[in-house]
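A quick write-up on the structure given underneath.
In this chain, numbering begins with 1 at the start of the sequence shown.
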Amino acid sequence: MTLSDTARTEPARTEPAPPGAAVADRAAVGTSHPDPAPGSGATRVLVVGGGMAAARLVQQLAAAVGTAGPGSPAVTVLAEEPHPPYNRVLLAEVLAGRYPPEVIALPAPAAGVRWCGGVRATRVDRVARRVRCADGREFGYDVLVLATGANPVLPPLRGLFAPGGRELPEGVHPFRTLDDCAALAAAVRPGLPAVVVGGGLLGVSAARALAACGARVLLAHQGTHLMDRHIDAEAGALLRDHLTARGVEVHTECRARGVLTRPTGGSAGPAGRRVHAVELADGHRLDAALTVLACGVRPRTGLARDAGLDVGAGIRVDGALRTSDPRIHAVGDCAEHHGTVYGLAGAAQEQADALARVLTGPRPTSPAYTGTRALTRLTLTGRDALDLAAFGETAPRPGDDVVRLADATRGTYRKVVVRGDHLVGGVLVGALGTVGTLARAWEDAEPLPADDGPLLHLLTHDGGS
């Protein structure tokens with residue numbers, strides 16, 4: 001389905017649906033609404049979600065077809081967060097006080113894009129091609145894009161929820177949105193005991209940011225070393241040393257079992273609960289006036305699942321980012337492409353760019369999106385900055401060659417994995433002048449030279465990244 005071949009139609013109506021309106025169509029995949037023929041007027045693009053993937057998509061659509069005139073799509077975005085789109089990767093910098101929130105804002109949507117903030121979509125009616133929202137409004141579509149993102153994983157901790165309730169105790173926070181960031185910034189103060197549960201990318205970023213605010217931070221991670229899904233033990237040790245030197249107490253192979261709370265409120269207000277400790281599996285209790293849950297994220301697939309779309313770990317899409325309904329696409333953290341949910345900003349941007357080409361260009365003869373060769377990067381800024389990158393397969397297989405360079409004085413570590421004559425992965429910590437060159441060598445998948453000289457040069461070269 002393309003938009004470049006079509007003419008503009010009237011904008012979607014926004015009045016509530018009449019009683020008895022059709023509900024989501026659960027008919028066989030691809031049988032309800034075949035692709036419209038060019039020139040059929042399929043120009044209403046409705047995007048559900050207002051994160052980085054959605055912002056990139058509407059930006060690319062506007063760049064490809066312009067913002068007005070014949071043939072340009074009428075684009076509407078339903079963003080659940082009330083804020084303008086922002087760069088989620090930089091939330092820790094906002095929490096640490098290094099950036100004000102407005103600095104991480106993404107470019108404003110192009111003229112002609114209808115951006116509806118604070119609007120939560122609740123149901124997709126595939127028969128009528130309409131999306132119903134929590135406030136009763138409905139929006140029609142010719143092309144629907146699900147960019148619903150992901151939710152933070154809330155671990156099964158004892159005491160996290162009161163019986164029959166779903167409200168987190170006071171002092172317990174996820175770390176995923178700008179509102180989460182604002183709540184943490186309002187709660188933290190020098191000397192406050194804080195526990196971060198989870199030592200992945202988000203947990204490490206949150207722990208360092210809270211320490212920069214003066215809190216007494218303990219990071220509890222269940223894995224054998226920090227960021228164990230992305231980096232090896234040697235790199236994890238360097239990361240741990242970096243955090244420890246900045247006041248973060250790090251405990252690995254440490255499983256949180258529950259949170260302990262006290263009642264709040266009373267005659268002057270509603271009763272509630274406030275966290276005061278985190279209990280570990282061995283029974284040890286950690287003082288915690290503030291607890292951050294950074295245990296990963298899970299794709300938001302409920303809207304797609306209720307609409308009868310094919311859903312696995314994420315919303316399953318093909319090379320055109322198309323779901324099991326040809327009029328509905330998915331991009332970003334909610335999308336599963338060939339069994340992979342990337343959950344990375346770079347992949348979300350690549351998917352948005354590919355979908356913009358699908359929707360505005362000629363009918364593709366080959367897949368617009370074939371996957372992302374994902375590079376994970378963590379930059380801890382400030383007076384004592386740390387840069388970390390990991391790409392490809394960082395754990396060698398039998399028969400692989402591994403080249404390591406470590407400099408204890410400078411606190412740097414570089415490792416690459418070579419299989420045959422190809423670079424298949426690497427981990428870099430410290431001054432990352434080599435990351436761009438190595439990542440390009442990996443992405444290009446070209447055979448390496450026969451001798452080791454060029455590879456060693458790549459590891460030791462400190463040019464621009």
Side-chain angles (χ1 to χ4, degrees), residues 91-92 95-96 150-161 168-176 180 184 187-188 191-262 273-298 343 376 378 380 386 388 390 394-395 411 413 427 429:
L91 282 176
L95 177 57
N151 282 328
V153 171
L154 300 181
L157 301 179
R158 298 177 186 173
L160 189 61
F161 298 110
L168 292 172
E170 292 181 37
V172 177
H173 300 266
F175 187 51
R176 175 69 178 172
D180 295 336
L184 280 167
V188 69
L192 189 78
V195 173
V196 177
V197 179
L201 197 65
L202 280 178
V204 167
S205 300
R208 192 176 187 272
L210 291 172
C213 295
R216 294 189 289 113
V217 184
L218 187 146
L219 175 58
H221 181 52
Q222 189 169 337
T224 57
H225 60 271
L226 295 175
M227 290 185 61
D228 49 325
R229 291 182 56 193
H230 301 285
I231 62 178
D232 59 14
E234 292 90 337
L238 279 178
L239 181 57
R240 178 176 186 153
D241 291 344
H242 176 86
L243 292 177
T244 300
R246 281 139 197 89
V248 178
E249 184 178 344
V250 178
H251 291 260
T252 55
E253 299 183 275
C254 173
R255 184 172 65 85
R257 181 169 64 186
V259 295
L260 304 178
T261 62
R262 297 190 179 103
R273 301 179 303 137
R274 180 168 188 84
V275 67
H276 68 88
V278 171
E279 184 180 28
L280 302 180
D282 62 4
H284 189 67
R285 296 181 176 182
L286 309 172
D287 289 340
L290 195 62
T291 301
V292 178
L293 304 178
C295 303
V297 296
R298 181 177 292 115
T376 300
L378 171 66
L380 302 174
L386 178 76
L388 180 152
T394 59
Y413 172 75
V427 178
V429 180

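- Here the side chains of His221 and Val196 are not in contact, with every heavy-atom distance at 4.5 Å or above.
- The nearest pair of heavy atoms linking Ala211 to Val248 is CB-CG2, 3.7 Å.
- Across all non-hydrogen atoms, the minimal contact from Leu91 to Arg176 is CD1-O, 3.3 Å.
- More than 12 heavy atoms of other residues, nucleotides or ligands sit less than 6.0 Å from atom CZ of Arg274.
- Pro155 places a side-chain heavy atom less than 4.5 Å from the side chain of Leu293.
- Arg216 places a side-chain N or O within 3.5 Å of a backbone atom of Gly191 that can act as its donor or acceptor partner.
- Scanning all heavy atoms of the two residues, the minimum distance from Ala390 to Ile231 falls at CB-CG2, 4.0 Å.
- To the nearest 0.5 Å, atom CZ of residue Arg285 and atom CD of residue Glu279 are 5.5 Å apart.
- At least one side-chain heavy atom of Val204 sits less than 4.5 Å from a side-chain heavy atom of Leu380.
- Within the 4.5 Å cutoff, the side chain of Leu290 has no heavy atoms near those of the Pro193 side chain.
- Separation of atoms OG1 (Thr261) and CZ (Arg158) is listed at 14.0 Å; rounding is to 0.5 Å.
- Just one of Val250, Val197, Leu286, Asp287 meets the side-chain contact (heavy atoms from CB on, under 4.5 Å) condition when paired with Leu218; it is Leu286.
- Heavy-atom neighbours of Arg298 CZ from other residues, nucleotides or ligands within 6.0 Å: at or below the threshold of 12.
- Residues Gly223 and Thr252 approach most closely at O-CB, 3.4 Å, considering heavy atoms.
- Note: Leu243 CG to Leu386 CG = 8.0 Å, rounded to the nearest 0.5 Å.
- Using a 4.5 Å heavy-atom cutoff, the side chains of Leu202 and Val292 are not in contact.
- Interatomic distance, Leu201 CG to Leu388 CG, rounded to the nearest 0.5 Å: 8.5 Å.
- The closest side-chain heavy-atom distance from Arg255 to Leu280 is not below 4.5 Å.
- Defined by atom type and a distance below 3.5 Å, a donor-acceptor pair is missing between the side-chain atoms of His225 and Asp232.
- Atom-to-atom distance recorded for His276:NE2 and Thr291:OG1 is 10.5 Å, nearest 0.5 angstrom.
- For the atom pair CG (Leu260) and CZ (Arg262), the distance works out to 9.0 Å, reported to the nearest 0.5 Å.
- A distance-only check finds no donor-acceptor pair linking the side chain of Arg208 to the backbone of Ala96 [under 3.5 Å].
- Residues Ala206 and Leu95 share a closest heavy-atom pair of O-CD2, 4.4 Å.
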- Message: Under the criterion side chain to side chain contact (heavy atoms under 4.5 Å, CB included), I'd like the reasoning laid out for Leu239 against Val429: C-alpha separation, chi angles, the key distance, then a yes or no.
- Response: CA-CA 8 Å; Leu239 181 57; Val429 180; over 6 Å; no
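- Among all heavy-atom pairs drawn from Pro174 and Asp180, the shortest one is O-CB, 3.5 Å.
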